[in-house]
Amino acid sequence: MKLYTNDSNTISLKILISCEIVGKNVEIEIVQVDDKRFQGPKRLPVLLLDTGVSLFSSNTAASVLFHPQEEDVEAVNKWLSWEAEKLQPVLVLYHNKNEFISIVEELFNELNSALSSTTHLVGDKITTADICVWSALYPIYTEEKFKSKLFNDRKGILKWFENLYQQKYFKDAEKKLNAKKGFAAMQSIATACWYPLPSSVSEDVSVSSKEKSDELVSAEEVNLAISAWEKGPSSRVKIKQTKKPILPLKGEKNILITSALPYVNNVPHLGNIIGCVLSADVFARYCRARSWNTLFISGTDEYGTATETKALEEGLTPQEICDKYFAIHSDIYSWFNISFDHFGRTTTVEQKEVVQNIFNACHKNGFTSVAEMDQLFCEKCERFLADRFVEGTCPDCKFEDARGDQCDGCGHLMNTVDLIAPRCKLCQTTPVVRQSQQLFLELPKIDSWLGNWVDQTSNGWSNNAKVITKSWLNKGLKPRCITRDLKWGVPVPLKNFEQKVFYVWFDAPIGYMSMTKVYTKDWLKWWKVDPQCDVKLYQFMAKDNVPFHGIMFPATLYASKGNYVMLSHLMATEYLNYEDGKFSKSRGIGVFGNDAKETGIPSDIFRFYLLYIRPESQDSNFSWADFAIKVNTELLNNVGNFINRSLMFADKFYAGCIPPISVTEEEKKLLGLVRMELKSYISSLDKAKLREGIKYILNISRHGNLYIQSHKPWELVKGSDDEKSRAGTIVGVACNMVCLLTSLLQPYMPDTVKTLSQQLNLPIESFSIEADFIPYLDAGHKIGKPFPLFTKIEPAVAESLKAKYAGRQKSGSPESVAPSTPSNVHTLANANDYLKAIKSLEEAVTKQGDLVRSMKAAGKSKEELQPMISALLDIKKKHTEMKTAYEKQANGLPLPEKEKTPNPDLIASLEKEVANQGEKVRILKTSGADKTVWQPEVNILLDLKKKLAEATGTPVVQPQPAGKKKKSKK
């Protein structure tokens, strides 16, 4: 192998360290930056493999040499993308600018956060991610003025970097390269690399940066781009208008899209929204912009135990709960511009018909079985009790309000029949154990077919969907219960099972089919396979829904033998966190759908940011500070700046008319670059990689900003006739690029596109997404009146919103019961006072217990329940103490010694004295002073500690005599 690099290009360390780790020899040849072998899209360093293949990406070369383990590939690739797309461009373009520190600090904070609790970027071992990020940071670490400001105060990065620096592989690679360090290395890297301009670019864009962009696009790309441009606006295809109802068409691309049905017992938060409906909406809008025949179906999931418990909590019937929350969900999704073709419900006649028909087919085909299950039965309520309807004493920790499936006191998992003294949550009577017959779907009979089907189908799935589904298959499938002893659900149409309903996981996915049936009587054209009318089914959800869509739903359809359309693309997200924690409605933490509307920030802005941080390959985090940064830099300074300047130039210099365009070599290279970004955008969106697609929109805008800034049409328009003509070309090309951006923003920001449609004076259907950049505007086209699209979000506003949604505001979160009793038995004067206090505490125990039980019935999380449970246990403890004190007083026995009230000021003073004296003792001992010198100081320290212990009410720990060790018991 041979490594070609320019002098002191420390990016080469990525390749050399990888070679050291795998034990491969590599020859190094130092070349000049203008060496003709490494021009065009190529850039240094370059690794020539023994096979004759040249690798021009240092990250790719490192990965080929030191390939990550299969389970680490996705996480490693995430860091490689972060290094290539975020870190390196900033280092190359800003290393010699005054604002370098402020720009790169955000990236260092992000990296430091990731390394705060781990020794490596991925797992507990060195991977290509560590190698590539470390090598990128090497010149910064070795430049003292940068190291002191960026490394020294970030202990996570510093420890990680220096630990790797001590590794033999890293030292040997550094020695072999023998490069200059620090600023000299950064300059060397910059001369050999080019990156699109970051969004935080200043107005002072150097021509040299622009020239480097020319090297990235090949002559072939340029020629293809020019051919497309020369077709002219008349050759553009407008978005196809579909007839209602939308049905599959022969010879066309038919796309059926569903999003996981949101459960109807709560208000969706931003994580719920990006996980299903928003992701599906973006893909649906993209498909329509491609003029594909597209149907987007979703709705609310309304049956099951959670609905019943929510109804009990709010004093409504299950149907009333469903009606209430269906309206809430519909309103939220309407505000977010979710473009359902039909948004339905599972509580419909059509749902009952379709579910029962599919079950009957599965049963008839021999894919169901019956088995007995031990369950608790309430004789008073005359019903079997599901997990959420029973509680009792935990068999492990004896906590009295354990749930039927888990104890909130100790976390012990159990079955309802394991509870001690179980009670029905509805009537508080003791249930009895009875056996109940349930129906099961015989998944083992489908295992072989399902495994083959997943192998053949899952190439188009998101990676986490593939991993989760295959892990279920690898463990071996077992019969799955599909019925429950409940009243709220689709009744089972089978003799002896009429009083049961289908388990929600069985009937909910079938809801997609029944909702399509509500939409059109010809629903089977979408759901039955027709060789002459192919349908591709895309399903969007968060990862917790994958087993139901990757295993259960396909298995059910197969067992029915109904020749139904199976999913072709299962697109799952990871989870979205809120400010590094979890969303919690009851505690008021996080932004929920109704909250977003109340902020006054347009829905398009939320859509953009949620898709920018979409958790495609790992959990991501909603942060108000980051929200403001991304909106201000990417939307306002990048996209908004380019669009507004381009249209304002046309309005100001050309009376709003598009000037004639005369394409020069400059425009040809620009069109080639834009074509490359457009190809990448389409490739990403075709695969439903929605977060990735945004990157290419922003890149096109950056190319546009660089094009305008480097050619300065505002100066040319004042010059000679040739210069004025040149200015017209620049403005005309820029306005057409604005049109392209409008097309590409169609899936992401529909309201913004409507506004741009007016500013550009073109109908919405003009903004189709085509494979090539074909111009939109003829010379002489009159645009509308341009105005800024986006508003800056000030840091103070972001901080205010963060504080508002940090918790406990307008949340309806229940507060613990505060008994109106003295906290200390010594404040009571007589027996009547004791009896009153005891009665008050007993009432408080009952109220707090009811509160805990109601929260459990409502399905509150463990983190919400725990403070209430702790409060209940504390009240019970006080009740016991009060009863004991009363009994002692009644029998003439002394009360417990009165507790002293701690003095905070005294404690603080003593803690300071102890700390100072302790430091004095440590200094004396380490100085080698004689014991006669330091022992008196130790005695003073012990005396201070004793006083502190007495002040805080903690036991005094007596030190053992020196030389006397405690004997161990034999």
Side-chain angles (χ1 to χ4, degrees), residues 82 86 102-114 116 154 198-200 267-275 277-279 332 335-337 542 573-616 618-640 690-691 694-695 698 748-749 751-752 788-811 813 863-864:
W82 181 86
K86 290 187 173 183
S102 61
I103 291 173
V104 84
E105 269 186 326
E106 182 186 345
L107 297 175
F108 267 70
N109 290 338
E110 187 177 343
L111 181 60
N112 193 61
S113 176
S116 60
R154 294 173 175 85
S199 55
S200 51
V267 178
H269 57 63
L270 297 183
N272 302 138
I273 291 167
I274 187 59
V277 295
L278 179 53
S279 292
I332 288 170
W335 185 78
F336 271 95
N337 275 313
T573 64
E574 299 292 319
Y575 295 136
L576 178 70
N577 295 317
Y578 179 79
E579 296 289 359
D580 295 319
K582 292 183 179 180
F583 289 86
S584 172
K585 184 64 176 175
S586 66
R587 295 193 294 137
I589 296 176
V591 180
F592 287 71
N594 50 340
D595 299 324
K597 187 176 181 179
E598 292 172 3
T599 62
I601 297 171
S603 61
D604 264 16
I605 305 301
F606 277 104
R607 285 176 64 107
F608 166 80
Y609 182 66
L610 288 173
L611 289 153
Y612 190 98
I613 62 170
R614 182 174 184 255
E616 288 188 0
Q618 65 174 13
D619 291 356
S620 61
N621 180 57
F622 182 101
S623 157
W624 279 110
D626 186 59
F627 178 87
I629 289 170
K630 294 301 186 294
V631 170
N632 294 340
T633 58
E634 300 293 16
L635 282 183
L636 187 64
N637 295 346
N638 181 11
V639 176
L690 314 178
R691 176 175 179 166
I694 285 184
K695 175 175 66 177
L698 301 176
Y748 297 95
M749 305 180 75
D751 281 344
T752 301
L789 293 170
F790 310 114
T791 303
K792 183 179 181 181
I793 296 179
E794 297 293 344
V797 172
E799 279 300 313
S800 172
L801 290 168
K802 180 180 179 180
K804 181 176 181 180
Y805 299 109
R808 289 287 180 199
Q809 84 304 329
K810 297 181 182 179
S811 66
S813 179
E863 63 178 9
E864 296 170 76

- Query: For the residue pair I332 and P268, what are the closest heavy atoms and their distance?
  - Reply: CD1-CD, 3.8 Å

- Query: If you round to the nearest 0.5 Å, how far is CD1 of I605 from CG of L610?
  - Reply: 11.5 Å

- Message: Checking the side chain of N112 only, and the main-chain atoms of N109 only, is there a donor and an acceptor separated by less than 3.5 Å?
- Response: no

- Straight-line distance of T633 OG1 to K792 NZ, nearest 0.5 Å: 11.0 Å

- Query: Who are the side chain to side chain donor-acceptor pair (under 3.5 Å) partners of R607, not counting sequence neighbours?
  - Reply: D281

- Task: Evaluate whether atom NZ of K695 has more than 12 neighbouring non-hydrogen atoms of other residues, nucleotides or ligands under 6.0 angstrom away.
- Result: yes

- Note on the structure: Heavy-atom nearest pair, L690 first then S279, reads CD1-O, 3.4 Å

- Query: Between atom CD of E634 and atom CZ of F608, what is the distance when rounded to the nearest 0.5 Å?
  - Reply: 5.5 Å

- Measure the shortest side-chain to side-chain distance between L278 and F606 over non-hydrogen atoms and say whether it is less than 4.5 angstrom. no

- What is the distance from atom CD of E579 to atom CG of N621, rounded to the nearest 0.5 Å? 6.5 Å

- Do the non-hydrogen side-chain atoms of V591 and Y578 ever get within less than 4.5 Å of each other? yes

- If we only count heavy atoms from C-beta on, is the W335 to N594 side-chain gap below 4.5 Å? no

- Message: Students often mix this up, so state it plainly: with edges at 30° and 60°, are the rings of F622 and W624 parallel, tilted or perpendicular?
- Response: perpendicular

- Query: So which heavy atom on I589 is nearest to which on K582, and how close?
  - Reply: CG2-O, 3.5 Å

- Donor-acceptor contact below 3.5 Å, side chain S113 vs main chain E110: no

- Between D619 and N577, is any pair of side-chain heavy atoms under 4.5 Å apart? yes

- Any luck finding a side-chain donor-acceptor pair between Y748 and D604 under 3.5 Å? no

- Any side-chain heavy atom of M749 within less than 4.5 Å of one from L635? yes

- Query: Which value, rounded to the nearest 0.5 Å, describes the distance between L611 atom CG and R691 atom CZ?
  - Reply: 10.5 Å

- Message: Is any side-chain heavy atom of R154 closer than 4.5 Å to one of E105?
- Response: yes

- To the nearest 0.5 angstrom, please state how far the CG atom of N632 sits from the CG atom of N638. 12.5 Å

- Query: Any side-chain donor-acceptor pair under 3.5 Å between D751 and N337?
  - Reply: yes

- Taking the side chain as C-beta and beyond, is there a heavy-atom pair between V631 and L636 under 4.5 Å? no

- Hey, are the side chains of L801 and F627 touching, using non-hydrogen atoms and a 4.5 Å cut-off? no

- Message: Quick check: closest heavy atoms across I273 and G593, and the distance to 0.1 Å?
- Response: CD1-CA, 4.2 Å

- S620/R614 under side-chain hydrogen bond (donor to acceptor under 3.5 Å, both in side chains): CA gap, chis, key distance, verdict: CA-CA 7 Å; S620 61; R614 182 174 184 255; over 6 Å; no

- For H269, which of Y575, F592, Y805 qualifies under ring-ring contact (aromatic ring centres under 6.0 Å, His included)? F592

